[in-house]
Q: 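Just dropping this structure here.
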Number of protein chains: 2
Amino acid sequence: MADGRIAQVQTGESLLFLTDEQLRQGIETMFFAYRGFTADPDRILSDLSYGRAHHRAIHFINRAPGTTVNNLLTILGVTKQSLNRVLRALIADGLVESRVGTVDKRERHLYLTDSGHALESQLSDAQRARMRAAYREAGPEAVAGFRKVLEAMMDPDMHRCYSRLRDSAG
Amino acid sequence: MADGRIAQVQTGESLLFLTDEQLRQGIETMFFAYRGFTADPDRILSDLSYGRAHHRAIHFINRAPGTTVNNLLTILGVTKQSLNRVLRALIADGLVESRVGTVDKRERHLYLTDSGHALESQLSDAQRARMRAAYREAGPEAVAGFRKVLEAMMDPDMHRCYSRLRDSAG
DNA sequence: CAGTTTACGTCAGTCTTGTTGACATTCCAA
DNA sequence: TTGGAATGTCAACAAGACTGACGTAAACTG
């Protein structure tokens with residue numbers, strides 16, 4: 001329907017990177033890369049009979065220690081019932097600790113235990129190893145572009161939510 | 001465990017983009033971007049009571065018309081039973097046609113019907129629109145870097161498989 | 001203070017999408 | 001020609017998402 005080549009004619013610039021074919025290749029590469037991106041932690045998780053959902057929870061609890069269930073819900077974009085199933089397992093297995101809030105006793109603040117931190121390290125070391133190899137192979141300019149495109153692809157709401165998270169961690 | 005700053009000291013180059021913190025930000029951005037990446041088609045699909053799996057099948061059948069079930073299996077990386085359920089629905093709904101192979105009658109060759117092409121266009125138009133906006137915002141150099149990093153992140157096997165696909169389409 | 005809202009947990013049920021296992025058909029090679 | 005390998009189908013099950021309903025405790029509000 002809309003074709004990049006039309007835009008090229010309109011602006012007179014070289015916008016060949018916006019052709020439908022270029023975009024389709026970007027879409028497919030994104031699909032394959034995301035699989036690679038999760039492949040290593042997924043292998044570790046399946047040995048523990050955990051899944052992606054558990055990794056996501058562990059990642060963001062480590063990222064923002066003491067975060068509430070509601071915060072986590074917003075970031076992960078799932079229902080509380082779905083998250084609760086995962087958290088229940090992680091708490092039962094002693095990887096996550098849930099503390100009643102002191103200022104607002106309705107809230108539960110989530111923390112990784114020592115075992116939780118151990119698993120988090122194992123998972124993110126595996127994921128970072130692949131990421132690091134990709135970054136090193138592509139070089140710093142490519143990495144800057146990579147980040148720039150990804151951030152432009154995020155939902156604007158998510159972008160705000162994520163910026164807050166990033167700022168709070170410093 | 002392994003920290004980018006060590007590499008920096010070793011090589012003397014500026015490898016600050018390889019620090020654990022930079023990598024973690026890349027990991028999180030990838031997570032959020034992938035959600036944005038699939039959000040638009042997912043909305044369309046849920047109205048039709050289809051899901052990601054259906055989109056993937058439709059995408060690659062459109063990409064490589066006449067492909068066999070086994071080819072599709074390799075590309076998608078799921079079991080044949082899982083793919084079969086999805087294909088059965090698409091065939092029943094008249095979006096995909098399955099033709100018995102002429103040279104090897106065990107094989108089924110898959111094609112999109114006219115309705116199948118219509119849905120494929122609708123889905124990929126939506127996905128491309130967001131992709132195009134992100135590309136345009138980031139600019140051509142960023143897009144080149146984006147692609148470079150993603151390709152380095154893919155599984156090597158997948159990379160070969162994908163190259164074949166890309167060549168076959170010309 | 002009474003009523004409402006918020007935060008969280010849970011039970012029950014459904015749907016998608018992945019998995020194994022068993023099985024039929026077809027092809028190919030010993 | 002016969003046994004194994006490849007291709008695809010059917011059945012049953014599990015993980016992880018969803019909705020809806022309900023309960024409890026705490027906080028807020030008129």
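In what follows, chains carry the letters A, B, and so on, assigned in the order in which the sequence lines appear, proteins first and then strands, with residues in each chain numbered from 1.
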Q: So, does B:Ser46 use its side chain to make a donor-acceptor pair with the main chain of B:Arg43 at under 3.5 Å?
A: yes
Q: When the distance from CG of B:Asp42 to P of C:dC15 is rounded to whole Å, what number comes out?
A: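 After rounding, the gap between these two atoms is 19 Å.
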Q: Does the side chain of B:Tyr34 come within less than 4.5 Å of A:Met30's, by heavy atoms?
A: yes
Q: Can you tell which of B:Val69, B:Asn70, B:Thr68, B:Thr67 makes a side chain to side chain contact (heavy atoms under 4.5 Å, CB included) with B:Arg108?
A: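 So the option named by the test is B:Val69.
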Q: What heavy-atom pair brings B:Ala57 and B:Leu90 nearest, and what distance separates the two atoms?
A: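 The answer is CB-CD1, 4.1 Å.
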Q: Is there a side-chain polar atom (N or O) of A:Thr79 under 4.0 Å from OP1 or OP2 of D:dA17?
A: no
Q: D:dA6 phosphate, OP1 or OP2: any side-chain N/O from B:Asn70 under 4.0 angstrom?
A: no
Q: How long is the line joining CG of A:Leu83 and C1' of D:dG16, in whole Å?
A: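 Taking atom C1' of D:dG16 as the reference, CG of A:Leu83 is at 12 Å.
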Q: Before giving the answer on side-chain contact (heavy atoms from CB on, under 4.5 Å), spell out for B:Glu151 and A:Phe32 the whole-Å C-alpha distance, their side-chain angles and the decisive distance to 0.1 Å.
A: CA-CA 8 Å; B:Glu151 288 190 10; A:Phe32 290 120; over 6 Å; no
Q: For B:Leu87 and C:dT16, give me the distance from atom CG to atom C1', rounded to whole Å.
A: 15 Å
Q: Just the table, please: protein N/O against nucleotides 10-13 of chain D N/O, every pair under 3.5 Å.
A:
| unit_1 | atom_1 | unit_2 | atom_2 | d |
| --- | --- | --- | --- | --- |
| D:dC10 | OP2 | B:Arg88 | NH1 | 2.7 |

Q: Does the ring of B:Tyr111 carry B:Arg99 above it, NZ/CZ under 6.0 angstrom from centre and within 45° of its axis?
A: yes
Q: Rounding to an integer number of Å, can you tell me how far A:Leu76 CG sits from C:dC8 C1'?
A: 16 Å
Q: Under 4.0 Å between a side-chain nitrogen and a carboxylate oxygen: does that hold for B:Asp155 and A:Arg35?
A: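 Here B:Asp155 does not pair with A:Arg35 in a salt bridge, since their nearest N and O are not under 4.0 Å apart.
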Q: Between A:Met153 and B:Phe146, is a side-chain contact (heavy atoms from CB on, under 4.5 Å) present by the stated rule, with each step listed?
A: CA-CA 12 Å; A:Met153 216 184 309; B:Phe146 167 72; 3.8 Å; yes
Q: Between A:His59 and B:Glu28, do the side chains contain an N or O donor and an N or O acceptor separated by less than 3.5 Å?
A: yes
Q: With a 4.5 Å limit on heavy-atom distance, are the side chains of B:Glu97 and B:His109 in contact?
A: no
Q: Does a side-chain N-to-carboxylate-O contact under 4.0 Å join B:Asp20 and A:Arg128?
A: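 Answer for the salt bridge query: yes.
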Q: Heavy atoms within less than 4.0 Å of DNA chain D: which residues of residues 100-112 of chain A have one? Give them sorted by number.
A: A:Val103, A:Asp104, A:Lys105, A:Arg106
Q: Mind calculating the distance between NZ (B:Lys80) and P (C:dG18) to the nearest angstrom?
A: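 Distance check: B:Lys80 NZ to C:dG18 P gives 16 Å.
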Q: For DNA chain C, determine which residues of residues 46-58 of chain B have any heavy atom closer than 4.0 angstrom to one of its atoms, and list them numerically.
A: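 Result for residues 46-58 of chain B: B:Ser49, B:Gly51, B:Arg52, B:Ala53, B:His54, B:Arg56, sorted by number.
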